[in-house]
Each structure stands twice: as C-alpha cells, then as structure tokens.
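Worksheet: one structure, shown below.
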Amino acid sequence: MKILITGGTGFIGKQLVQVLSADNELTLLTRSAGKAHLELGNHHRFLGNLGALTSLDGFDVVINLAGEPIADKRWSLEQKQKICDSRWDITARLTDLFHASENPPQLFISGSAIGIYGDHALSEPVDESFNLAHFDNTDANEMFPHSVCSRWEELALAAADKTRVCIIRIGLVLGCEGGALKKMLLPFKLGGGGIIGSGEQGMSWIHQQDLVGMIIHLITHPECQGIYNGTAPAPVSNKQFTQSLGQALHRPTFLPMPASVLNIALGEMSQLLTQGQYVYPKRILASGFEFSYPTLDKALTGLLQG
C-alpha cells in the first residue's frame, strides 16, 4: 500500500514507520527531511508541507499523527495557539485534499487524545459512548485539552463522506525512548518518585507496541470506523501507577508532589498531572483486537527489562 503519514518522526510515528516500511511505500510529512533521512532511512519519500499536494490520489491510507507536544512547554497563549494550529491546520488541509481527490484513499486514521473526556473520578469510567455534550458550555480556558481535541476530531470527521475515518483517542503512551515514561524514569530511579496530588486521578495508559498494533488493526479491518480509545483495558490511579513503577524499578516512592506546587511550577498545564480519566477501550476490543500488554505490571516489566 501507499501510505501518507504526518508526524512520522515523532515518538509513535517512528515506531509505526519501522513496522509499516517492510511491506508498504511510505510518504512522510516532515519539516526536517535531513533528520528524518538519518532516523528513518532514505528509502521513503519526504514532503516538506502539504502544499506540494493538490489531492490524495495515489495514496491508499493517510495516518495523521502530527502535533506540537502538549506537555513540553508551559501553556502560554502563544504555546496554546501552536498546539492548536499544529493539529487543526494539518487535519483541515488533509480533509480538503480528500475532497479534492477523484480517487481518495480508502482510510483516514487521525489522532486525538483522552483529554477530550475532561476530568473524571474512578466512579465514572468512560468509553467511546460517553456523551460529550455537557462540555458545550464549559469555559474553554478551563478545559483546554478538551477544546483542542474536540475541534481536531471535528475536522477529521469532515472527511467521512469521502473515506473511512478512524479516530484514536490516545492515552498515556508507555515507552522508554519518549513520552511521559522517559521523563519519569530518572527521578524514580533516584528515589524521587511519589504520588501527585490526591493520587486518585486516573491514568489511562497504553504500551507503545499496542498502540502501533491498534493502528495496524484499523488498517486491516475495513469494518472499523469512528472513534476508538487508544488505551489499555486496565486504567489505574496515579497512586497505583506510582507504586507499580517504583516496584518495577525497585525504588521507593515516598516523596509526594502536592497539587499546589505543580500549579505554581506549571500553571494551567498542571492539570495534565493533577486531573485524569479512567478510560476503557470498548470499541477496539469489540472489533477483535488483542492487547499484548493488557496490564500495567506486564507493560512496565516488558519495557524496563528490555
């Protein structure tokens, strides 16, 4: 197949490219072609921007994972705009290209995030059937992740009259070469790990291998379409996650991080750590997908032993 991938040089994108490159012809959208050549090989086609395309004719699948990392910098107004634009502009352009195509790709997979569900307690597990209507009158400044994802998904679903659209609401992706776990490892190894805030906030995670596998599953199962939660079937509290990571590293976890300290240090972005969701991947399980790492202990053991 001929596959167009945006975000192919990101944490998940690089792993996806490695898996797909064996049997497919890949075109990667990247602003750093030289770096991408070194990291991913020179046997792929590279695009500097989508302006080089007038349609998506010739592609079989489009996978859209592009976006400014949401947790790398404090959420200033400028950074918020960058986070939004990096997702919305590319997604809108791809949807326009689908409509401009005489023979559009058969599938459009677009990323999103579980932040669309807002903050939920353990008594409120959510799956893809959760009604998001109650967010309509919510102050967007208080629910920034929701507003980002809501518009992101809306733009992708606008292509549904031209192709099969699958949206993956991605949770906390576990891998040692990127994402949140990489940032956690050093302080935990030094004995500085501890619960954040109350410790009761949900952490809906997924092993990097399972997320890549989920994308492959959506490609190879034409009956799949719509919204899918990109999380493992066993979400945990922050307290449980902290204990499991400490045990996997054989390190103590007795240094809590008060929410007030995070609010001062990170500002609004602290809600990524002090709030959470318990998310269940009901639809991908119903489609027959099997997780290689369904539990947190198994995922952490596999990653840290590797």
Side-chain angles (χ1 to χ4, degrees), residues 3 5 7 12-13 15-16 19-20 60-65 67 87 91 94-95 98 105-135 145-146 148-174 179 202-236 276-296 298-299:
I3 303 176
I5 301 176
I12 297 303
Q15 299 172 64
L16 183 64
V19 173
L20 289 174
D60 300 299
V61 175
V62 175
I63 302 173
N64 179 31
L65 301 175
R87 290 160 172 77
T91 306
L94 288 171
T95 292
F98 269 102
Q106 301 169 3
L107 172 62
F108 182 24
I109 296 177
S110 191
S112 183
I114 59 173
I116 197 170
Y117 293 119
D119 183 31
H120 286 272
L122 180 59
S123 60
E124 301 177 277
V126 294
D127 60 33
E128 296 89 348
S129 65
F130 179 76
N131 186 358
L132 299 174
H134 77 282
F135 285 110
H146 167 78
V148 173
C149 295
S150 180
R151 179 60 177 160
W152 196 7
E153 293 185 8
E154 180 183 358
L155 290 167
L157 289 171
D161 60 338
K162 298 292 290 186
T163 188
R164 176 167 66 98
V165 177
C166 293
I167 291 176
I168 305 179
R169 292 173 175 167
I170 301 172
L172 175 67
V173 184
L174 300 184
M203 295 184 71
S204 298
W205 58 275
I206 186 170
H207 190 287
Q208 57 187 10
Q209 181 177 315
D210 279 330
L211 180 56
V212 172
M214 188 179 296
I215 295 172
I216 304 300
H217 179 86
L218 294 176
I219 293 173
T220 56
H221 287 73
E223 71 279 8
C224 291
Q225 63 178 358
I227 306 296
Y228 293 88
N229 287 330
T231 60
V236 297
Q277 312 86 9
Y278 293 82
V279 178
Y280 186 71
K282 181 178 180 179
R283 294 198 69 225
I284 200 70
L285 287 170
S287 74
F289 180 74
E290 296 184 3
F291 285 84
S292 297
Y293 298 93
T295 65
L296 180 60
K298 184 174 183 180

**Asked** Under 6.0 Å from the NZ atom of Lys282, do we count more than 12 heavy atoms belonging to anything else shown?
**Response** no
**Request:** Would you check, one step at a time, whether the test side-chain contact (heavy atoms from CB on, under 4.5 Å) holds for Tyr293 with Ile206?
**Result:** CA-CA 8 Å; Tyr293 298 93; Ile206 186 170; over 6 Å; no
**Asked** With a 4.5 Å limit on heavy-atom distance, are the side chains of Leu218 and Ile284 in contact?
**Response** yes
**Asked** Roughly how far, to the nearest 0.5 Å, is CZ of Phe98 from OG1 of Thr163?
**Response** 4.5 Å
**Request:** Using a 4.5 Å cut-off on heavy atoms from C-beta on, say whether the side chain of Arg164 contacts that of Cys224.
**Result:** yes
**Request:** Run the ring-centre check on Phe289 versus Phe291 and record whether the distance is less than 6.0 Å.
**Result:** yes
**Message:** Keeping Thr95 on the side-chain end and Leu155 on the backbone end, is there a donor-acceptor pair under 3.5 Å?
**Reply:** yes
**Request:** Measure across Ala159 and Val165 and return the closest heavy-atom pair with its distance rounded to 0.1 Å.
**Result:** C-CG2, 3.9 Å
**Asked** Taking all atoms of both residues into account, what is the closest heavy-atom pair of Ile116 and Cys149, and its distance?
**Response** CB-CB, 3.8 Å
**Request:** Please name the pair of heavy atoms, one in Val148 and one in Arg87, separated by the smallest distance, quoted to 0.1 Å.
**Result:** CG1-CD, 3.7 Å
**Item:** Sub-4.5 Å side-chain heavy-atom contact between Leu285 and Pro233
**Value:** yes
**Asked** OG/Ser110 to CG/Leu65 distance, rounded to the nearest 0.5 angstrom?
**Response** 8.0 Å
**Complete:** Interatomic distance, CG@Asp119 vs NE2@His146, rounded to 0.5 Å, equals 13.5 Å
**Request:** Find the distance between CD1 (Ile227) and OG (Ser129) and round it off to the nearest 0.5 Å.
**Result:** 12.0 Å
**Item:** Ion pair check, Glu153 and Arg169, cut-off under 4.0 Å
**Value:** yes
**Prompt:** Does some side-chain heavy atom of Trp152 sit less than 4.5 Å from a side-chain heavy atom of Ile167?
**Reply:** no
**Asked** Is there a side-chain contact (heavy atoms from CB on, under 4.5 Å) between Leu107 and Cys166 once you walk through the steps?
**Response** CA-CA 8 Å; Leu107 172 62; Cys166 293; 4.0 Å; yes
**Asked** Between Asn229 and Thr231, does any side-chain donor sit less than 3.5 Å from a side-chain acceptor?
**Response** no
**Prompt:** Does any N or O in the side chain of Asp127 come within less than 3.5 Å of the main-chain N or O of Pro281, such that one atom is a donor and the other an acceptor?
**Reply:** no
**Item:** Evaluation steps, side-chain contact (heavy atoms from CB on, under 4.5 Å), between Leu132 and Ser150
**Value:** CA-CA 9 Å; Leu132 299 174; Ser150 180; over 6 Å; no
**Item:** Residue among Leu16, Ile168, Leu174 satisfying side-chain contact (heavy atoms from CB on, under 4.5 Å) with Leu211
**Value:** Ile168
**Asked** Got a donor-acceptor contact below 3.5 angstrom from the Gln277 side chain to the Tyr117 backbone?
**Response** no
**Item:** Glu223 atom CD, neighbour heavy-atom count above 12 within 6.0 Å
**Value:** yes
**Asked** Minimum heavy-atom separation for Ile216 to Leu20, with atom names?
**Response** CD1-CD2, 3.3 Å
**Request:** Check whether any side-chain N or O of Trp205 sits under 3.5 Å from a backbone N or O of Ala234 as a donor-acceptor pair, and report yes or no.
**Result:** yes
**Exercise: identify the closest heavy-atom pair between Gln208 and Val173** = CA-CG1, 3.9 Å
**Message:** I need the Ile3 CD1 to Ile219 CD1 distance, nearest 0.5 Å.
**Reply:** 5.0 Å
**Asked** Regarding Ser287 and His217, is there a side-chain donor-to-acceptor distance under 3.5 Å anywhere?
**Response** yes
**Message:** How close do Ile114 and Ser204 get, counting heavy atoms only, and between which atoms?
**Reply:** CD1-CB, 3.6 Å
